[in-house]
Amino acid sequence: MGLKTLLSKAFHSEDDLRPGNLPERLVWWSIICTYPIWLVGGLYVVGSVLCWLLLGCLLIKILARMDHPEENEEISISPVIWLWIIGMLIMQVALIAGHVNFNLGTGAIIKSTIGWAKGWAALALYPLAGALPIRSSIPTRAICIVGFHTLLIIPFLMLTPHLGLPEVLYVSPLRAVGGPGNEFFDVPLYEIDGSTGDLRWRLFSPWGPALGFVGNINFMICLLEKDRKWKLLGIAGSIVMCFVCKSRLAQLCIILIPAVTAVVSRLRKPFMLISLGILSYLGGIFATSILTAINDYWEGFKGARAGSTRVRFALKRIAFHRWETEAPIWGHGVVEGGPHLVEYMAIGSHHTWAGVLFVKGIVGFFALAIPMLATGLDLLRRAASPNYQLGSAGLGIIILLFMYTFGENLEILVYLFWPGMVIMGMALQEKKSSPQPELQAVS
């Protein structure tokens, strides 16, 4: 099969799956054009704006339903998604309160509100998009296409260090729109790990572990694909992302999370219950050896990149201490640079909970923790039932989000993993029914 034929298959399939309405087109093209958009440095812009465009589509559907109820399908929003909306609005309240407490000024409030609209708000708006008439097969197939594109591009990128090419090809002029840093707008070919000297690749992400995060989210989505060829391509591309980034957490999650969701989704089957009983019995017998092996693995995990681990733990300790002693209720309102001990990195970075407590206080902590807990419980129930097709994928995604709260800041990276939030929203909105083929979307 020629390269031209392979590339044409990236946009067409034998089942002729095509977006059927505006929300589907927005999601479809935003995902499958990931690499072209990355080349112009536009992923941060697209990911920050798309959630608001989808909100506009939802509001139009709601208004159309109010004017012509007999011609438009009723739109209902899951109570769990309402928790996300309320929680992220409380984040904005905490942000303003923190600014007022520390007299940061109106200009700083406006700037931070723009940041909230691109980060925290998106964590609620993308699940809300699950209420739109978007077939789950649209983001699923699109993610598989991105996996296929990854398999095409990664051999070239792995050669670039040996060709004498620079680590970063260029920084996009779109950096002028504002953002967390140049790494969100640059086009890297490869990078050299500062602590180990190893080569690693971050592709379209701002740093290596973020690519592993996206790879794991994409992996869970690819498991939903019904076309076997696209499914294999998507899974392969997602696994490649997790390994070329050299992220320890990514490589752990790519094995652990699918296994957990597979067990949960089969809990009602006698074979699985018997197997778990046997494993529980054996676990009791070999508990000491198992605990020792887990401890050795954890020590090796921390020691693999000792410098990075030291900085991460120091950032966390500083954030917790300053939150508790200086601003326990509403937080500091803004991020602050750390001392030389943590290489001047922002306090609370690399840890969602530490960052939330430092910037938004205990109010912000519960504004995030309650929606995440409610989502996990709801999706756990759905994943264990055969009547929900998206339950297992949704559960895997919320577990991934929880695990990565201890290694990343979710609100900063939502512009990359937003397809997972959309699928999670669809899972929360899914109606209980017997498994059946998806219906065509209504234009």
Side-chain angles (χ1 to χ4, degrees), residues 44-45 47-49 51-52 55 83-126 174-185 206-207 210 311-372 405-415:
Y44 184 77
V45 177
S48 301
V49 172
C51 58
W52 293 98
L55 175 62
L83 285 177
W84 279 97
I85 295 170
I86 294 169
M88 297 309 105
L89 288 174
I90 291 174
M91 285 288 191
Q92 175 63 4
V93 173
L95 180 148
I96 295 174
H99 280 68
V100 171
N101 286 344
F102 286 88
N103 299 313
L104 298 177
T106 304
I109 291 177
I110 295 173
K111 181 179 179 182
S112 296
T113 298
I114 294 173
W116 168 86
K118 295 186 292 185
W120 292 114
L123 286 175
L125 293 179
Y126 278 121
L174 290 175
R175 175 69 178 90
V177 305
N182 287 344
E183 61 269 23
F184 288 76
F185 300 91
W207 43 76
V311 171
R312 286 174 181 269
F313 275 84
L315 284 168
K316 182 179 66 174
R317 288 195 302 270
I318 293 171
F320 285 153
H321 175 74
R322 290 196 55 189
W323 155 69
E324 186 177 7
T325 58
E326 299 174 6
I329 306 300
W330 299 105
H332 293 77
V334 294
V335 297
E336 296 180 16
H340 174 69
L341 173 68
V342 292
E343 301 174 11
Y344 306 106
M345 292 184 180
I347 297 173
S349 60
H350 301 81
H351 197 292
T352 295
W353 302 112
V356 167
L357 286 169
F358 181 80
V359 179
K360 305 289 195 305
I362 195 66
V363 173
F365 177 88
F366 283 111
L368 177 62
I370 291 174
M372 288 193 71
T405 58
F406 300 100
E408 298 288 351
N409 295 86
L410 296 184
E411 80 282 5
I412 292 179
L413 297 177
V414 65
Y415 80 97

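Pairs passing the side chain to side chain donor-acceptor pair (under 3.5 Å) check and including a residue from residues 97-107, sequence neighbours excluded, read H99-S112.
W52 and A117 make their closest contact through NE1-O, 3.0 Å (heavy atoms, listed as atom of the first residue, atom of the second, distance). A pairwise comparison of heavy atoms in F320 and A354 identifies CE2-CA, 3.7 Å as the closest pair. Minimum interatomic distance between G364 and M91 (heavy atoms only, all atoms of both residues): O-CE, 3.1 Å. The two residues A124 and W84 come nearest to each other via the heavy atoms CB-O, 3.6 Å. A pairwise comparison of heavy atoms in L410 and T352 identifies N-OG1, 3.1 Å as the closest pair. Y415 and S48 get closest at one heavy-atom pair: CB-N, 4.4 Å.
Judged by distance alone, with hydrogens and angles left aside, the side-chain atoms of Y126 form a donor-acceptor pair with the main-chain N or O of C51 at under 3.5 Å. The backbone N or O of H332 lies less than 3.5 Å from no partner atom in the side chain of W323, so there is not a single donor-acceptor pair. Although no hydrogens or angles enter the test, the distance criterion places no donor-acceptor pair under 3.5 Å between the side chain of T405 and the main chain of W353.
In this structure, the separation between CH2 on W116 and CG on L95 is 9.5 Å, given to the nearest 0.5 Å. For the atom pair NZ (K360) and CG (L357), the distance works out to 11.0 Å, reported to the nearest 0.5 Å. The distance from atom CG of L55 to atom CD1 of I85, rounded to the nearest 0.5 Å, is 8.5 Å. Once rounded to the nearest 0.5 Å, the distance linking CD1 of I412 with CH2 of W207 reads 5.5 Å. Here the CG atom belonging to L413 is positioned 10.0 Å from the CG atom belonging to L123, to the nearest 0.5 angstrom. To the nearest 0.5 Å, atom CD of residue E408 and atom NE2 of residue H351 are 11.5 Å apart.
Between F185 and V177 there is a side-chain heavy-atom pair separated by less than 4.5 Å. A heavy-atom distance below 4.5 Å is not found between the side chains of I109 and L104. Residues R175 and N182 have side chains in contact (heavy-atom distance under 4.5 Å, counting atoms from C-beta outward). Looking only at side-chain heavy atoms (C-beta outward), V93 and W330 come within less than 4.5 Å of each other. Within the 4.5 Å cutoff, side-chain heavy atoms of V359 are placed close to those of V335.
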### Task
Could you go through the side-chain contact (heavy atoms from CB on, under 4.5 Å) check for L368 and W120 one step at a time?
CA-CA 9 Å; L368 177 62; W120 292 114; 4.2 Å; yes
### Task
Let me see the working for K316 and F406 under side-chain contact (heavy atoms from CB on, under 4.5 Å), right down to the final yes or no.
CA-CA 10 Å; K316 182 179 66 174; F406 300 100; over 6 Å; no
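No more than 12 heavy atoms of other residues, nucleotides or ligands shown are found within 6.0 angstrom of CZ on F366. Atom CD of E324 sits in a sparse spot, with 12 or fewer heavy atoms from other residues, nucleotides or ligands closer than 6.0 Å.
With sequence neighbours excluded, the residues satisfying side-chain hydrogen bond (donor to acceptor under 3.5 Å, both in side chains) with Q92 are T113.
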